[in-house]
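No experiment lies behind these values; they were computed from the predicted model shown. Residue numbers run from 1 in the order of the sequence given.
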Amino acid sequence: MIVKRFFILWLIICLGGIFSLPSLASQDVQLQRPKVGLVLSGGGARGFAHVGVIKVLEEIGIPVDIVVGTSMGSMVGGGYASGLTTHQMQEIILGVDWDEMFALRPNRNELNWRQRNDDYKNLFIGEIGITPEGPKMPSSLVPAHHLGVFLSRITEHVADINDLSRLAVPFAAIATDLADGSTVIMQKQATLATAMRASMSIPGAFAPLQYQGRSLVDGGLAQNLPVETAKALGADIVIAVNVGTPLAKPESFNSVVSVMSQMIGILTERNVDRSKAKLVKGDILITPDLDGFSAADFKSAAQIIDAGERSARAHQAELKRLAVDMKQFDRWNLARTLASNPPLPQRLASVRVEGLDVVNPKVVEKAADLNSGQLLTQEEAAQASGRIWALNNFTTVPYEMEPGPDGTQVLVFRPQEKPWGYNTVRIGGKLSTDFQDEHSFQVVMNHTMEWLNEWGGEWRNDLRVGKDGYLSTSFYQPLGAGSSLFIQPEISYENQDYEWYRGRDYPDSHIRNRIFESQLSLGLELGNYGLIRGAIGWADIKAEPTEGLQLLDGKQSLHSGFGKISLEMDTLDNVAFPKSGFSVHAQGIHFLETFSNQTDATDYSIDVTLPIHWGDEFVMLWSAKAGQSSIPGRYALGGLFNLSGSAYGRYAGSEMLLGRVIGYKRLPTSGYFGFPIYVGGSFEVGRLQEASRLSFNHDNPDVGHWIKAGSLFVAANSVLGPVYLAVGRTNKDDASVYFYWGVPY
C-alpha cells in the first residue's frame, strides 16, 4: 500500500514537471537554498562584461532568484530575467549597428527629398526652435528613437507583461527622477522595454523618459550598483557586479566634456560606495578587470564580454557555495528560457495614431505604409515606426499592439511631437583656404515653418552670405495630406562672382552675375528619393564687371519669362563619402526673350554621381557634370575636386564639362563619438569655354582647353560636416594645399 502511494505521488510529480515546469522548478530551487539576487551596475559599453559573468554563473550552476540592474546592467539583466540565453544576448550585442544606434538622424535613404537637398548645403543637423518664450534647443544630443525600437524588439517576447516581478526571474530596473534625484524602481506598471529605456536615459545624450508624470534619467545617478534594492526585494545573498568607470586622473581634465564626465563620475562613485557598504558577509562583489576599455567602446563588445568571463572565474571558489546540482540547475534554466515565447505574426486590423496636436495623423498613417489584413511581424512594425520617424516631425515614435476584433491586432503609434516646435532655424556653412592668397567662406542659414495647414504646408527661407551670396523664400504645399503632388512658389536672388583672366598668373577683372527669379512649380515626388517638376517664372539677369578692366562687351542683361523642367534623383547613403546609391540632378531652362537681344537664352545642366564599393571600406566615386548657359561665366571650376590645385572659382565659362574619380578608404576608428577618418586621392579633367560672343573671357588662354588635375587628402566626417586637408595640382602648374570644410562636390 505504501509502495502504491509512493508510485502515485512520483507519477504526479513527473506529470507536474511536464505540464508545470517553470513554477515547479522554481519552487524546487527555492526550497533548498537562500534567494540569490544578481545586481548588475551601469557602465556603458563596459556593461557587456555582465554577459561574461552570467556565463560563469551558469557553468557553475547558480540559479538566480532576483535580478536588479542599472543602465546597461538593466539591459543585460532584463534580457536574462526575461528568458534570453547568454548566447542570444551575446548575438544581440554583437549584431547591433552601434553607429546607427547613436545616429543623430534617420538613415539618409529614409529622408524625403527636401531633407536630402539640405545635406549639400552643409547645414548642421541640430535645430533651434523659435518659440514665443525665445529660442529653444532639443533636450538631448542623440535621438532616442533607435534605442527605443531596439529595446522593444529584444523584449517583444514579454511585451504583454506589465509587472516585471512576473518575468521568468523577478526583475527591477533603477532610474532617477530628474526633478529631485530620487531613486525610481521600475517594476510595477511598466513593460521591460520601458524600464530599460528609463534606466538607460543618459542625461544630455538621450532625452528623459516621461513616465507617470515624472522625467526619468539614467539610474546610475541614484543607484549605479543597486544592492539595497535587491535586498529590499527579498534577496538573501547578493552577487554584485560593478563595471563602473573609475575616476579619471587630473592630467586628463583638458576639455569641457572630460570635466563634466568627471563630475558625473564623482556622483556615481559616491552612491556606489554607499551600495558597497550594504554588502555583508556571504555577499559577493565582482569587479571585472576592464582596464583599457571605456564606457564608449561599444565596438569592443566581444573583448569586454571575455574580460567579464575571466574576472568571474577568479571568484569561482566563493561562487560555488551558491551552486546547486547541475540537473537541478538545468531544470531551473530550462524553465527560465521557456517561460515566454516569441510572438507570431499578427493579423493587422488597422493602424491608429494617438496624441498629435500639430501633425496630421493621416500623414503618419500613410508613412507607416501598412495594409489592413496583412500578417504583421515585429520587424515590420519597427520598420513602419522608422518611416514615420524619418518624416522629421517627431523625437521618437513608440508603438504597441492592442487586441482588435476577431483575434486581430491594432497597431497603435504614439509619436512624440518636437517640444521645440515646428518653427526652426538651422545654420551651417563652408570654408576653403589655400593658406596663401585664396580664402573663401559661406555662412548658411535655413529657416523653416512646418505644418502651416493640415496638408503640411511648409515655408522655407535660405540665406548664404560670403562667396556667391544667395537668398530665397519658398512655400511647399502638398496637394493633399501625404500627397506626392505639390506646388511651390519661390523667389530667389543670387550674386555669382568670378574672375576674368587675360594672362595666366592673376585676374584682370572681377565679374558679377546678378540673378533674380520668381517661379511657380508643379512637382511630383518619386517616393523619398527624388522628384520631377516643371515651372514657369520671370527672371532678371545682369552680368557686368565690378572692378579692373572695363571690357568692351560691357553690361549684359536679360529680362524675360521662362519655362523650366528639372529632375532630381538621389539615393546616396552619404553625400560626402557615399558607399552606395547614385544621384542625378538635371535642369533645363528656356527664356522667352534673348540675352541683350543678341543670342538665344537657355540654361542646361546635369550632375551625375555613382560610388562603387570595392569592399574593405574602399570606394571609387565616379562623377561627371556638364552645363551650357547663355549667361557669361555661369559655371565656375577650381578648388578641391573641381580641378584641384587651382583657386576656388579660378576657371569660369558658359559651357562646362568635368569628369572625376575619387578613391577613398575609411580607416579603423572607435569611440562613442568617433568620427570616420578617410584617406584618398582624386583625378579630374575639365574644360570651360564661352558659348557666344558675349564672353568677357575672349583672351583667356585657358578657355576651351582641357585641364587635368589631381589631389591627395585626409578627411573626417564630423558632426559639423566633412573636413578635408588636401594637396592638389593641375597640368597648368597650379598647386595648392587646402583646408576645406563642407561638401566640395
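Across all non-hydrogen atoms, the minimal contact from G61 to P63 is O-CD, 3.4 Å. Here the closest heavy-atom approach between residue V238 and residue A230 is recorded as CG2-CB, 4.3 Å. Annotation for V149 and A382: closest pair CG1-CB, 3.6 Å, computed over non-hydrogen atoms. In terms of heavy-atom proximity, S372 sits nearest to A349 at OG-O, 3.1 Å. Taking each heavy atom of A195 and A173 in turn, the nearest pair found is O-CB, 3.8 Å. For the residue pair S311 and P288, the shortest heavy atom distance occurs at OG-CA, 3.2 Å.
Taking a 6.0 Å sphere around CZ of R321, one finds it holds more than 12 heavy atoms contributed by other residues, nucleotides or ligands. Applying the 6.0 Å contact sphere to CG of D291 captures no more than 12 heavy atoms from other residues, nucleotides or ligands.
Under the 4.0 Å criterion applied to side-chain N and carboxylate O atoms, D573 and K579 are not assigned as salt-bridge partners. With salt bridges taken as basic N to acidic carboxylate O contacts below 4.0 Å, one links E309 and R313.
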### Task
Evaluate the side chain to side chain contact (heavy atoms under 4.5 Å, CB included) criterion for residues Y211 and R197: first the C-alpha distance (whole Å), next the side-chain angles of each, then the deciding distance (0.1 Å), finally the verdict.
CA-CA 11 Å; Y211 174 78; R197 168 71 176 84; over 6 Å; no
### Task
Given side chain to side chain contact (heavy atoms under 4.5 Å, CB included), test R352 with F413 step by step and report yes or no.
CA-CA 6 Å; R352 189 168 75 244; F413 292 105; over 6 Å; no
### Task
Please lay out, stage by stage, how L84 and I92 fare under the test side chain to side chain contact (heavy atoms under 4.5 Å, CB included).
CA-CA 10 Å; L84 296 180; I92 289 171; 4.0 Å; yes
### Task
List the steps, then state whether side chain to side chain contact (heavy atoms under 4.5 Å, CB included) holds for Q316 with E59.
CA-CA 10 Å; Q316 282 191 25; E59 288 179 10; 5.6 Å; no
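Contact of the R108 side chain with the N574 side chain is not registered, since no non-hydrogen atoms from C-beta on lie closer than 4.5 Å. Contact annotation: the side chain of V158 never approaches that of F171 to less than 4.5 Å [non-hydrogen atoms, C-beta and beyond]. By the 4.5 Å heavy-atom criterion applied to side chains, S275 and N224 are not counted as neighbours. Side chains of I66 and V169 form no contact here, defined as non-hydrogen atoms less than 4.5 Å apart. Using a 4.5 Å heavy-atom cutoff, the side chains of I239 and I286 are in contact. Inter-residue side-chain proximity for T194 and L209 is flagged as met; some heavy-atom pair is nearer than 4.5 Å. Looking at heavy atoms from C-beta onward, L38 lies in side-chain contact with L57 at the 4.5 angstrom threshold. Side-chain contact between L376 and Q409: absent, with no pair of heavy atoms (C-beta onward) separated by less than 4.5 Å.
When atom types are taken as modelled, the side chain of S385 and the backbone of A381 share no donor-acceptor pair closer than 3.5 angstrom. Using modelled atom types, no side-chain atom of E100 and backbone atom of D97 make a donor-acceptor pair closer than 3.5 Å. S201 contributes no side-chain N or O that, together with a main-chain N or O of F206, makes up a donor-acceptor pair within less than 3.5 Å. Here the side chain of E417 pairs a donor or acceptor atom with the backbone of D357 at under 3.5 angstrom. Remark: the backbone N or O of A81 is not paired with any side-chain donor or acceptor of R336 at under 3.5 angstrom. A donor-acceptor pair is defined here as one N or O able to donate and one able to accept, closer than 3.5 Å; such a pair exists between the side chain of K366 and the backbone of G482.
L40 contributes atom CG, which lies 10.5 Å from atom CG of N242 (distance to the nearest 0.5 angstrom). Within the model, atoms CG of N109 and CG of N528 stand 8.5 Å from one another, a figure rounded to the nearest 0.5 Å. Of the inter-residue distances, the one linking L221 atom CG with L216 atom CG reads 11.5 Å to the nearest 0.5 angstrom. The structure places CD1 of I284 at 4.5 Å from CG of L322, a figure rounded to the nearest 0.5 Å. Distance check: L290 CG to S300 OG gives 11.0 Å after rounding to the nearest 0.5 Å. Of the inter-residue distances, the one linking M89 atom CE with I154 atom CD1 reads 10.0 Å to the nearest 0.5 angstrom.
Put simply, the residue from T70, T176, T229 that forms a side-chain hydrogen bond (donor to acceptor under 3.5 Å, both in side chains) with Q223 is T229. Under the side chain to side chain contact (heavy atoms under 4.5 Å, CB included) test applied with S41, the options V243, V272, T268 reduce to a single match, V243.
Applying the side chain to side chain donor-acceptor pair (under 3.5 Å) definition to pairs two or more places apart or across chains, those involving residues 276-287 are K231-D283.
E400 pairs by the salt bridge (Lys or Arg N to Asp or Glu O under 4.0 Å) definition with R414, not counting sequence neighbours. When the salt bridge (Lys or Arg N to Asp or Glu O under 4.0 Å) test is applied to D163, the partners found at least two apart in sequence or on another chain are K188.
The aromatic ring centroids of F102 and F298 lie less than 6.0 Å from each other.
A donor atom on one side chain and an acceptor atom on the other are found under 3.5 Å apart for S215 and Q210. No side-chain donor-acceptor contact under 3.5 Å links N271 and R274.
Ring geometry, F48 versus W98: the interplanar angle falls from 30° to 60°, so the pair is classed tilted.
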